[in-house]
Amino acid sequence: MAASDQRRSRQEEGSPSKPNKKKKANRNPETNLLFNLNSCSKSKDLSAALALYDAALVSNDVSLSQQHFQTLLYLCSASISDPSLQSLAIDRGYQIFDRMVSSGISPNEASVTSVARLAAAKGDGDYAFKIVKDFVSAGGTSIPRLRTYAPALLCFCEKLEAEKGYEVEEHMDAAGIELEEAEISALLKVSCATSREDKVYRYLHKLRESVGYVCEETLKVIEEWFCGEKAGEFGDNGIGSDAGMLREAILKNGGGWHGHGWIGEGKWIVKKGNVSSTGRCLSCSEQLACVDTNEVETQKFVDSLVSLAMERKSKMNSCETKGDFSEFQDWLEKHGGYEAIVDGANIGLYQQNFADGGFSLPQIEAVVKELYHKSGNNKWPLILLHKKRVKTLLENLTHRNLVEEWINNGVLYATPPGSNDDWYWLYAAAKLKCLLVTNDEMRDHIFELLGNSFFQKWKERHQVRYTFSKGNLKLEMPSSFSVVIQESEKGSWHIPVSCQNIEESSRTWICIRRKSVLDSPKFNEKLATSGNGKILSSCNNNSLLSSCDAGNDQN
């Protein structure tokens, strides 16, 4: 074969261009159009995409699908930030959406979101909200999301149409969609601007529940409200005089808020400052709380655990073993009073996956002894281990005496075969409102139970992590205070500001209080007889858990 022929042969065999050309040639008109529209979307080329769309309409050779319309609408909504393209994007986006609907194609969530953004950019919040409501009423497999409602909500708030903004929020709530900081901040801002003090109070609590600490933009809204004249005009109507009611509300809510309205009268004092490592505000000397879950949330959590354990058990095992978890519930009722629960398997297997490694009972023993010494009531924690593991330990002469002692003293409970001991130690800690010693992140439980926001708050208050360094145990107890927005029984507000890559001690906090409350004899009397640390210890009636607030009383 000649050299030229050999080169030609190799080019034909190895060149990637020919298969691509063949593949492209095999595409039908619809696929080709979608491919080209996606390319325009990636390069943000609205004019080219509209030219392709117009050509397809003229040719009548292309059957436009939901994907074609969706890509075009997305590109239109993505172009509204460009002043030179905004008018074109809005006008053509409306036309494309009308064509989509008239063609009998039901818009999905992405398409509705794009059109809602176009409407909001035009200042037409009513239409942005209408298409979302129509989409919801039509039903279907696609469901609305926060981004679907946000354009209408933000548009109404920007135009100070407060009632319409509240209506959107109600619709979102009915759809089970939770607000995030940007949306809550917008509702807070419009409520401040229209002097709806009841709504201002409500959205401050929304921020507390959903966000914890706020960004600078939200902080500016809060500061403007409390520094303004209107905020000083709204008093407590006698609520502040009922210290018992406020304290009881804080206990029930888990600490950090009462929810009964403004306390005190007159102007507010707003200061930026810091909080000490033990949770003492360096601006007003008030002690911040370590916020726990409230009674309703906790009981729902416990009930969910029971339901989950029973359901899983019935699927995995025979009817004979269905009562195992019920037996543990009964046992815990009789032997309750533990201040801490120990995840035995997690601790025993810690750092044991090396050559000739195994299960370390001495590590569990060290944790148990440390918890006993930390307990002001000299109480032993409850250890949970699988029956199979307990049986193996009893067969070991080195460990038998200790394990038998734990069993006889009601310190060890053996979970039955086929069960998941996670359910047991998590249920016990939640039911008894006590500490849980484990390094398990419990990620598999979060979405099955009450959602990430609740579970994260519960873990921050109740989980104790541990390390062993050269055989020495270190327990990482829960923080003495929570970095979240807090409302005290004295009427003050403490708001943490979001920060990045700095020490917690350097975080900026906004301290907001009323001079009338600080100067009153009742305030000084309450300051001497109550504190958030004592509130939580009373709420949980638990020595080890309240020891996490020890710094509060020492101050």
Side-chain angles (χ1 to χ4, degrees), residues 247-248 250-252 254-255 278-279 287 289-295 298-299 301-302 328-344 346-347 361-385 401-414 424-438 458-466 473-482 529-555:
R247 192 173 296 118
E248 182 181 350
I250 291 177
L251 286 169
K252 186 176 181 180
T278 57
Q287 176 63 43
C290 188
V291 179
D292 204 348
T293 55
N294 63 46
E295 292 178 359
T298 303
Q299 188 56 51
F301 181 40
V302 171
F328 175 65
Q329 290 178 269
D330 295 337
W331 184 90
L332 199 63
E333 287 290 337
K334 296 176 183 177
H335 298 82
Y338 300 101
E339 296 178 357
I341 308 299
V342 174
D343 178 4
N346 186 268
I347 298 169
L361 190 67
Q363 289 183 172
I364 301 177
E365 184 181 14
V367 171
V368 169
K369 286 183 176 179
E370 181 68 13
L371 291 170
Y372 176 80
H373 292 309
K374 282 183 176 290
S375 171
N377 298 323
N378 292 328
K379 286 191 174 183
W380 295 100
L382 173 63
I383 311 160
L384 288 167
L385 280 171
N401 289 340
L402 178 60
V403 175
E404 286 180 343
E405 180 183 347
W406 284 348
I407 294 173
N408 293 334
N409 291 332
V411 176
L412 173 64
Y413 186 89
Y424 289 76
W425 48 252
L426 191 53
Y427 169 80
K431 179 68 175 178
L432 300 180
K433 300 182 177 66
C434 65
L435 295 175
L436 170 63
V437 186
T438 182
W458 186 88
K459 284 168 61 179
E460 286 176 0
R461 180 55 175 152
H462 294 270
Q463 184 174 9
V464 177
R465 302 177 189 276
Y466 62 88
L473 168 67
K474 180 181 179 182
L475 294 180
E476 184 183 332
M477 305 298 283
S479 173
S480 58
F481 71 102
S482 298
T529 58
S530 68
N532 284 328
K534 293 181 180 179
I535 284 172
L536 274 181
S537 64
S538 172
C539 177
N540 293 286
N541 193 24
N542 188 310
S543 178
L544 255 180
L545 189 57
S546 62
S547 72
C548 300
D549 306 305
N552 303 356
D553 296 332
Q554 289 171 4
N555 286 313

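Keep in mind the model is a prediction, meaning the values are calculated, not measured. Numbers here are sequence positions counted from 1.
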Inset, instruction - Any chance you could measure Leu332, atom CG, to Lys431, atom NZ, to the nearest 0.5 Å? - result: 8.5 Å
Inset, instruction - Check Glu339 against Cys434 and note the closest heavy-atom contact, atom names and distance. - result: O-CB, 3.3 Å
Inset, instruction - With sequence neighbours left out, write down each residue that passes side chain to side chain donor-acceptor pair (under 3.5 Å) with Ser482, or none if nothing qualifies. - result: none
Inset, instruction - Determine yes or no for a side-chain-to-main-chain donor-acceptor pair under 3.5 angstrom, with His462 supplying the side chain and Leu435 the backbone. - result: no
Inset, instruction - Check whether any side-chain heavy atom of Pro381 lies under 4.5 Å from a side-chain heavy atom of Ile341, and answer yes or no. - result: no
Inset, instruction - Calculate, to the nearest 0.5 Å, the distance between atoms NE2 and CG belonging to His373 and Asn378 respectively. - result: 9.0 Å
Between side-chain atoms of residues 404-411 and protein atoms elsewhere (two or more places apart, or another chain), which donor-acceptor pairs fall under 3.5 Å?
| from | atom 1 | to | atom 2 | distance (Å) |
| --- | --- | --- | --- | --- |
| Asn408 | ND2 | Glu404 | O | 3.1 |
| Asn409 | ND2 | Glu405 | O | 3.2 |

Inset, instruction - Answer yes or no: is there a side-chain heavy-atom contact under 4.5 Å between Leu426 and Trp458? - result: yes
Inset, instruction - Identify the heavy atoms of Leu432 and Gly336 that sit nearest to each other, and give their distance. - result: CD2-CA, 4.4 Å
Legend entry - Which residues share a side-chain contact (heavy atoms from CB on, under 4.5 Å) with Asn346, sequence neighbours left out: Asp343, Thr438, Asn439, Asp440, Tyr466
Inset, instruction - Mind checking salt bridge (Lys or Arg N to Asp or Glu O under 4.0 Å) for Glu365 and listing every partner two or more places apart, or none if nothing turns up? - result: Lys369
Inset, instruction - Please step through side-chain contact (heavy atoms from CB on, under 4.5 Å) for the pair Val403 and Leu361, ending with a clear verdict. - result: CA-CA 9 Å; Val403 175; Leu361 190 67; 4.1 Å; yes
Inset, instruction - Please identify each residue that fulfils side-chain contact (heavy atoms from CB on, under 4.5 Å) with Gln299, with sequence neighbours left out. - result: Val302, Asp303
Inset, instruction - Show the numbers, then the answer: is there a side-chain contact (heavy atoms from CB on, under 4.5 Å) between Lys433 and Asp292? - result: CA-CA 10 Å; Lys433 300 182 177 66; Asp292 204 348; 5.7 Å; no
Legend entry - CZ on Arg465 to NZ on Lys459, rounded to 0.5 Å: 6.0 Å
Inset, instruction - Verify, without hydrogens or angle tests, whether Gln363 (side chain) and Ile347 (backbone) share a donor-acceptor contact under 3.5 angstrom. - result: yes
Inset, instruction - Please list, chain by chain and in numerical order, all residues satisfying ring pair (Phe, Tyr, Trp, His ring centres under 6.0 Å) with Tyr413, sequence neighbours excluded. - result: Phe328, Trp331
Inset, instruction - State, with a plain yes or no, whether a side-chain heavy atom of Leu382 is found less than 4.5 Å away from one of His335. - result: no
Legend entry - Heavy-atom closest pair, residues Gly255 and Ala289: C-CB, 4.4 Å
Inset, instruction - Would you check if the side chain of Glu460 reaches a backbone N or O of Val291 as a donor-acceptor pair within less than 3.5 Å? - result: no
Inset, instruction - Locate the shortest heavy-atom distance separating Ser479 from Cys290; write the atom from each residue and the value. - result: O-SG, 3.3 Å
Legend entry - Smallest separation among heavy atoms of Gln287 and Thr278, with atom names: NE2-O, 2.9 Å
Legend entry - Which atom of Thr298 lies closest to which atom of Ala430, heavy atoms considered: CG2-O, 3.8 Å
Legend entry - Nearest-0.5 Å distance that lies between atom CG in Leu402 and atom CG in Leu412: 9.5 Å
